[in-house]
Amino acid sequence: MSSEGLLDIQPSELKFTFESKKQSSCSLHLVNKTSDYVAFKVKTTNPKKYCVRPNTGVVAPRSACDVTVTMQAQSEAPPDMRCKDRFLIQSVVTSQGATSKDINAETFTKGDGKIVEECKMEVVYVPPLQTPSSVSEEGSSPQASYQSDNRNLRSYLYDAVSKEADEPDTKNSEVLNVISTLNTEKLSAIQLNQKLQQELELLRKEHSGGHQGFSFLFVVLVGILGILVGYLVKT
């Protein structure tokens with residue numbers, strides 16, 4: 001951090017959370033401590049690796065500006081997580097009311113009594129933070145995971161069986177009731193049919209001989225009744 005001069009720059013180094021094949025960003029906070037307009041420019045030793053927005057600008061008197069630095073995704077970390085990249089922030093007093101459009105290559109050219117301040121910054125890689133849940137998952141053994149899955153499965157099956165026992169299917173109960181009623185009616189019809197056949201045999205014996213007409217008519221009626229009973233039994 002530059003505590004003296006035109007700009008107060010925080011933090012004092014660029015820290016990037018390093019994860020393979022993922023971008024990472026950090027911010028710089030530039031504070032103009034003077035009553036002048038101050039132009040700045042951000043440079044790096046590895047411009048293809050970093051994207052700086054904005055890389056140039058003007059900070060009004062007693063005001064601040066934020067700069068975002070994005071590191072492109074890297075395939076692998078360097079040895080010991082050490083980075084050799086460097087950044088340089090140049091600052092110089094510019095004309096009153098100047099904007100970023102007024103900045104050019106000559107703005108930061110030294111000479112003719114112009115003072116260009118420079119602040120060098122290092123790049124630091126930090127590992128990603130690990131939550132307690134991720135640490136627990138990484139440290140668990142396959143056997144522990146298998147046992148946990150088994151416990152969950154047993155609990156699920158027990159709950160399912162208990163639910164079926166406590167809450168029987170209403171539709172199945174209604175079907176069973178209907179079947180029971182039909183079986184009872186069928187048994188009653190069979191018994192009635194058997195009783196009618198027995199009475200028919202008795203009538204045949206009693207009205208044999210001279211009462212042929214009466215017996216024949218009675219037999220026809222009983223036969224019709226038997227057909228109706230047989231129909232009920234089939235249904």
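For this chain, numbers begin at 1 and follow the sequence in order.
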- [ ] May I have all residue pairs that pass ring pair (Phe, Tyr, Trp, His ring centres under 6.0 Å) and include part of residues 92-122, sequence neighbours excluded?
- [x] none
- [ ] Check side chain to side chain contact (heavy atoms under 4.5 Å, CB included) between D112 and all other residues, then give those that pass, not counting sequence neighbours.
- [x] none
What pairs of donor and acceptor atoms, side-chain ones from residues 57-72 against any protein atom, are under 3.5 angstrom apart with sequence neighbours left out?
residue	atom	partner	partner atom	Å
R62	NH1	K33	O	2.1
R62	NH2	K33	O	3.4
S63	OG	A60	N	3.2
S63	OG	A60	O	2.5
D66	OD1	H29	ND1	2.6
T70	OG1	S25	OG	2.9
Q72	OE1	Q23	NE2	3.2

Open item on the list: Run the salt bridge (Lys or Arg N to Asp or Glu O under 4.0 Å) test against D36 and tell me which residues pass, sequence neighbours left out.
Closed with: none
- [ ] Please identify each residue that fulfils side chain to side chain contact (heavy atoms under 4.5 Å, CB included) with P47, with sequence neighbours left out.
- [x] T44
Open item on the list: For the CZ atom on R82, are there more than 12 heavy atoms of other groups (residues, nucleotides or ligands in this structure) within a distance under 6.0 Å?
Closed with: no
Task: Counterpart residues, side chain to side chain contact (heavy atoms under 4.5 Å, CB included), relative to E76 (two or more places apart) - done: none
Task: Partner residues of P128 under the side chain to side chain contact (heavy atoms under 4.5 Å, CB included) criterion, sequence neighbours left out - done: T17, E19
Task: Y50: ring-ring contact (aromatic ring centres under 6.0 Å, His included) partners, not counting sequence neighbours - done: F16, F87
- [ ] Of all the heavy-atom pairs spanning T34 and V38, show the shortest one and how long it is.
- [x] OG1-CG2, 3.8 Å
- [ ] Each residue besides V126 in its hydrophobic cluster should be listed here, by chain and number; the cluster joins Ile, Leu, Val, Met, Phe, Trp and Tyr at side-chain heavy-atom distances under 4.5 Å.
- [x] V124
Task: Test salt bridge (Lys or Arg N to Asp or Glu O under 4.0 Å) applied to K114 - qualifying residues, sequence neighbours left out - done: none
Task: Nearest non-hydrogen partners of P54 and F40, listed with the distance - done: O-CE1, 4.0 Å
N/O donor-acceptor pairs under 3.5 Å from side chains in residues 89-103, not counting sequence neighbours:
residue	atom	partner	partner atom	Å
Q90	NE2	E118	OE2	3.1
T99	OG1	K101	N	3.4
D102	OD2	T99	N	2.9

Task: Qualifying salt bridge (Lys or Arg N to Asp or Glu O under 4.0 Å) pairs with a residue from residues 39-54, counting only residues at least two apart or across chains - done: K49-D85
